[in-house]
Amino acid sequence: MPELPEVESARTVLERYALDREIVDVDDTDTWVCRPHAPGSIRAALLGRKLTAANRRGKSMWLDTTGPTLGIHLGMSGKMVFVDESSAEHDGGDYWQRGRAPGDHRFTRFELSFRDGTSLMLVDPRRLGRVRLDPPVEHLGPDARDITPAQFRAALSRGTAPVKARLLDQEALAGVGNLLADQILWLAKVNPSRPVSALTRPDLDRLQRATRRSVDAAIAEGGVHTLSVVPYRREGALCPRCHTEMRRATVGGRTTWFCPREQV
DNA sequence: TATAGTGTTATCGG
DNA sequence: ACCGATAACACTAT
């Protein structure tokens, strides 16, 4: 499911395939995913327009058009699929929804049809994704891929929240999800429950470097499921560095796996 | 059959 | 007002 790296691969697909084609039909009838606009309002705003650029900050995407901006968030189970002139489907190589067969429209929640017969759809079984016009993005923190050490220290300096909860706070820094957070904390050898107020300057700098490394690695390797500690997020697994049994906890409301020996 | 889940947001309580 | 925790959302996979 999508964190920053998966959203970036989706953005790349949109940029490569979906720009500069005239929109001749829009299916925005799923008013749970397409909101808060009235049914048909997104359709009316986009008919006859073209997508002109695909942008991303954290896990949020927005598409510039010759009309209003189209915001797309993949939620926990969404993926973008582009159907080309020969009905071949292109997605980000995302590892989830692997079981979906080409042409399966059961979970298509939003669709743009272009004049040349191609189309772009949001496929989202759980319907936790969102499509909206002119989405707000200013509230998001700096993108986790290019946040500077100084910005990172500022984002993690205030308050008493567990450091993992802060890493997941999209207004502090944008793009880190549950798996990336576990990887970052494991790489930096920081306990997920440690209050941000207890982090030292060296801790913060290690965390920032671990964030950059983890995001870059996941983008290069094809998603957060390729991160090195992810296979060890299970009962009975041993830390791949020190062979201590991994421990499970709930931090920031999310399932958390960490090495109790190294992450102190 | 029961439960957990890679995300976000409204609401509650301190 | 600020900060953090929790429940809810809808559906699939185990």
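Sequence lines set the chain letters: A, B, ... in the order given, protein chains first and strands last, and positions in each chain run from 1.
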Tell me who clusters with [X], hydrophobic residues only, linked when side chains sit under 4.5 Å apart either directly or through other members.
X	answer
A:Val24	none
A:Trp62	A:Val137, A:Leu140
A:Phe258	none
A:Tyr232	A:Trp186, A:Leu187, A:Val229, A:Met246, A:Trp257

May I have the distance from [X] (atom [atom1]) to [N] (atom [atom2]), rounded to whole angstrom?
X	N	atom1	atom2	result
A:Arg130	B:dA10	CZ	P	11 Å
A:Arg254	B:dA4	CZ	C1'	11 Å
A:Glu235	B:dT3	CD	C1'	15 Å
A:Trp257	B:dG5	CH2	C1'	14 Å
A:Lys164	B:dG7	NZ	P	9 Å
A:Leu179	B:dG5	CG	C1'	10 Å

Within [range] or reaching into it, pairs that qualify as salt bridge (charged side-chain N to carboxylate O under 4.0 Å, His left out) - sequence neighbours excluded:
range	answer
residues 139-148 of chain A	A:Arg56-A:Asp143
residues 40-51 of chain A	A:Asp25-A:Arg43
residues 179-204 of chain A	A:Lys164-A:Asp182, A:Asp182-A:Arg233, A:Arg194-A:Asp203, A:Arg201-A:Asp205, A:Asp203-A:Arg206

## Note on the structure
In terms of heavy-atom contacts, A:Gly58 and A:Leu4 come closest through O-CG, 4.0 Å

### Task
Could you measure between the two P atoms, the one in C:dA10 and the one in B:dT11, and give it in whole Å?
16 Å

### Inter-nucleotide P distance (B:dA4, C:dT6), Å rounded
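The answer is 15 Å between these two P atoms.
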
Distances for protein N or O near nucleotides 3-8 of chain C N or O, under 3.5 Å:
{"from": "C:dG4", "atom 1": "OP1", "to": "A:Thr160", "atom 2": "N", "distance (Å)": "2.9"}
{"from": "C:dG4", "atom 1": "OP1", "to": "A:Ala161", "atom 2": "N", "distance (Å)": "2.6"}
{"from": "C:dG4", "atom 1": "OP1", "to": "A:Arg166", "atom 2": "NH2", "distance (Å)": "3.1"}
{"from": "C:dG4", "atom 1": "OP2", "to": "A:Arg166", "atom 2": "NH2", "distance (Å)": "3.4"}

### Query
Would you call A:Glu85-A:Arg21 a salt bridge at under 4.0 Å N-O?
yes

### Message
Per the side-chain hydrogen bond (donor to acceptor under 3.5 Å, both in side chains) rule, what does the pair list look like for residues 238-254 of chain A, sequence neighbours excluded?
### Response
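Sorted result for residues 238-254 of chain A: A:Arg241-A:Glu262.
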
### Task
Tell me, please, which residues at least two apart from A:Ser9 pass side-chain contact (heavy atoms from CB on, under 4.5 Å).
A:Asp94

### Query
What stems involve DNA chain C, if each pair must be Watson-Crick or G-U and both of its distances must be under 3.5 Å, with 3 or more such pairs in a row?
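In DNA chain C, stems of three or more pairs: B:2-5 with C:11-14, B:7-14 with C:2-9.
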
### Task
Taking only the side-chain nitrogens and oxygens of A:His73, find out if one of them lies under 4.0 Å from OP1 or OP2 of B:dG7.
no

Check nucleotides 10-14 of chain C for protein N or O atoms closer than 3.5 Å to its own N or O atoms and list the pairs.
{"from": "C:dA10", "atom 1": "O4'", "to": "A:Arg126", "atom 2": "O", "distance (Å)": "3.1"}
{"from": "C:dA10", "atom 1": "N1", "to": "A:Arg126", "atom 2": "NE", "distance (Å)": "2.9"}
{"from": "C:dA10", "atom 1": "N1", "to": "A:Arg126", "atom 2": "NH2", "distance (Å)": "2.1"}
{"from": "C:dA10", "atom 1": "N3", "to": "A:Arg126", "atom 2": "NE", "distance (Å)": "3.0"}

### Task
Under 4.0 Å between any heavy atoms, over every strand shown, what does A:Glu6 touch: base, sugar-phosphate, or nothing? Just pick one.
nothing

